[in-house]
Structures are given as C-alpha cells and as structure tokens.
Amino acid sequence: MTILNTIKEMVEVDVEEDIFDVQLLRYINSGISYLQRNAIPVIRINKDTELQGWTNIEEEDKETVLDWLHLRCVQRFDKSLMNGGATTMEWIDSELTNLLYQLKAIYGAKS
C-alpha cells in the first residue's frame with residue numbers, strides 16, 4: 001500500500017476517494033520537511049510512493065514516522081478538532097513531540 005493510502009486510512013478518509021489527495025499530500029510533505037529539518041532521513045512522497053521508498057528509515061521506525069505524520073495531518077485535516085476541546089489538541093501536540101523525540105534520539109545521533 002502507498003504511504004498516501006496508509007495515511008488516508010489513518011485519518012479515516014476513503015482510500016478510493018481522491019478529492020483530498022492533493023491537500024493531504026501537501027500536509028504529508030510539509031510534515032516530512034519538518035522531520036528532515038530535525039535530522040530524520042525521510043524523503044518526500046508522491047501519490048505512488050510505497051513505504052519501502054523510505055530506505056534510510058529502519059523498518060521498526062517506519063510506523064513511528066507514520067504515526068507522527070498521521071497526527072500532524074489529522075490536526076490540520078480534521079476541522080472538527082479546531083472547534084473541539086483544547087485537551088485533544090494538547091494531547092496531539094504532546095504525542096507529536098514525544099514521537100519526534102523518539103526519532104531524534106535514533107537518527108539525530110547518526111547525523
């Protein structure tokens with residue numbers, strides 16, 4: 001499965017529906033740019049990029065990257081969160097920070 005379709009499933013968008021693909025790819029690649037600036041060796045994707053395309057990320061860390069991208073995308077993509085309680089947004093921010101620290105502990109030391 002492509003990275004885009006994996007993230008679509010995670011943010012609960014119908015994989016067959018492509019109306020949001022451009023927007024979601026923009027959010028994903030924006031997140032990837034942020035990870036790159038934090039020494040995480042993940043590459044930008046297109047709609048056909050498979051998980052195996054992340055050759056510089058250890059297999060066991062790919063799920064962590066996907067989790068981080070999912071939270072970043074859902075935070076921007078799900079407008080109901082903007083109107084929801086601050087607790088959910090604080091939890092997402094906290095999880096994003098924790099996942100980033102996990103990745104930086106591994107890949108920051110390698111750079």
Side-chain angles (χ1 to χ4, degrees):
M1 183 180 297
T2 66
I3 294 169
L4 175 61
N5 284 346
T6 301
I7 297 292
K8 283 170 76 170
E9 281 186 350
M10 294 172 89
V11 295
E12 299 179 359
V13 172
D14 183 2
V15 172
E16 300 302 317
E17 183 62 56
D18 63 359
I19 191 169
F20 298 112
D21 285 4
V22 171
Q23 183 180 12
L24 198 50
L25 274 169
R26 198 170 297 131
Y27 291 153
I28 292 168
N29 282 319
S30 170
I32 287 172
S33 293
Y34 183 83
L35 291 174
Q36 288 172 335
R37 286 190 299 278
N38 281 278
I40 313 305
V42 64
I43 61 168
R44 294 173 60 86
I45 68 164
N46 61 44
K47 66 180 186 134
D48 300 317
T49 305
E50 298 282 336
L51 199 53
Q52 295 82 6
W54 286 341
T55 56
N56 292 329
I57 299 291
E58 298 294 330
E59 195 63 37
E60 61 270 13
D61 299 326
K62 289 178 181 178
E63 291 296 323
T64 304
V65 173
L66 286 173
D67 286 345
W68 190 90
L69 288 170
H70 160 247
L71 288 172
R72 182 174 169 93
C73 288
V74 82
Q75 184 180 47
R76 289 175 165 45
F77 199 73
D78 187 345
K79 299 300 181 199
S80 67
L81 290 176
M82 302 293 183
N83 301 326
T87 305
T88 302
M89 291 301 283
E90 288 171 8
W91 178 84
I92 289 173
D93 285 338
S94 174
E95 279 299 298
L96 284 168
T97 300
N98 290 337
L99 292 168
L100 180 61
Y101 284 150
Q102 287 177 35
L103 292 167
K104 284 180 77 161
I106 297 164
Y107 295 98
K110 293 181 181 181
S111 58

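None of these values were measured; they are calculated from a predicted model.
- For Glu16, the CD atom is loosely surrounded, since the number of other residues' heavy atoms within 6.0 Å does not exceed 12.
- The shortest side-chain heavy-atom distance between Ile92 and Glu95 does not fall under the 4.5 Å cut-off.
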When the side chains of residues 18-34 are checked against the rest of the protein, which donor-acceptor pairs come out under 3.5 Å, sequence neighbours left out?
from: Asp21; atom 1: OD1; to: Lys8; atom 2: NZ; distance (Å): 2.8
from: Gln23; atom 1: NE2; to: Tyr27; atom 2: OH; distance (Å): 3.0
from: Asn29; atom 1: OD1; to: Ile45; atom 2: N; distance (Å): 2.8
from: Asn29; atom 1: ND2; to: Leu25; atom 2: O; distance (Å): 3.3
from: Asn29; atom 1: ND2; to: Ile45; atom 2: O; distance (Å): 2.9
from: Ser30; atom 1: OG; to: Arg72; atom 2: NH2; distance (Å): 2.9
from: Ser33; atom 1: OG; to: Asn29; atom 2: O; distance (Å): 3.1
from: Ser33; atom 1: OG; to: Arg44; atom 2: NH1; distance (Å): 3.1

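- Considering only residues two or more places apart in sequence or on other chains, Glu90 meets the salt bridge (Lys or Arg N to Asp or Glu O under 4.0 Å) condition with none of them.
- For Asp61 against Ile106, the heavy-atom pair with the smallest separation is OD1-CD1, 3.5 Å.
- The same ILVMFWY cluster, assembled from side-chain heavy atoms under 4.5 Å apart, contains both Met89 and Leu96.
- Scanning for side-chain contact (heavy atoms from CB on, under 4.5 Å) contacts around Glu50 gives Thr2, Gln52, with sequence neighbours left out.
- Legend: residues meeting side-chain contact (heavy atoms from CB on, under 4.5 Å) with Asp48, ordered by chain and number and at least two apart, are Asn46.
- Residues Ile43 and Thr55 have side chains not in contact (no heavy-atom distance under 4.5 Å, counting atoms from C-beta outward).
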Residues Trp54, Ile40; criterion side-chain contact (heavy atoms from CB on, under 4.5 Å); working and verdict: CA-CA 11 Å; Trp54 286 341; Ile40 313 305; over 6 Å; no

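- With hydrophobic clusters built from ILVMFWY side chains whose heavy atoms lie under 4.5 angstrom apart, Val11 shares a cluster with Trp91.
- Here the CD1 atom belonging to Ile57 is positioned 10.0 Å from the CG atom belonging to Leu51, to the nearest 0.5 angstrom.
- Remark: Asp67 engages no residue in a side chain to side chain donor-acceptor pair (under 3.5 Å) (not counting sequence neighbours).
- Residues Ala39 and Tyr107 come closest through the heavy atom pair O-CB, 3.5 Å.
- Between the CG atom in Leu69 and the OG1 atom in Thr6 there is a gap of 11.0 Å [rounded to 0.5 Å].
- Applying the salt bridge (Lys or Arg N to Asp or Glu O under 4.0 Å) rule to Lys62 yields the partners Glu59; only residues at least two apart in sequence or on another chain are considered.
- Closest non-hydrogen pair, Asn5 versus Met1, comes out as CB-CG, 3.6 Å.
- Taking CG of Asn38 as the reference point, atom CG of Leu100 lies at 4.5 Å (rounded to 0.5 Å).
- Between Glu9 and Val15, some side-chain heavy-atom pair lies under the 4.5 Å cut-off.
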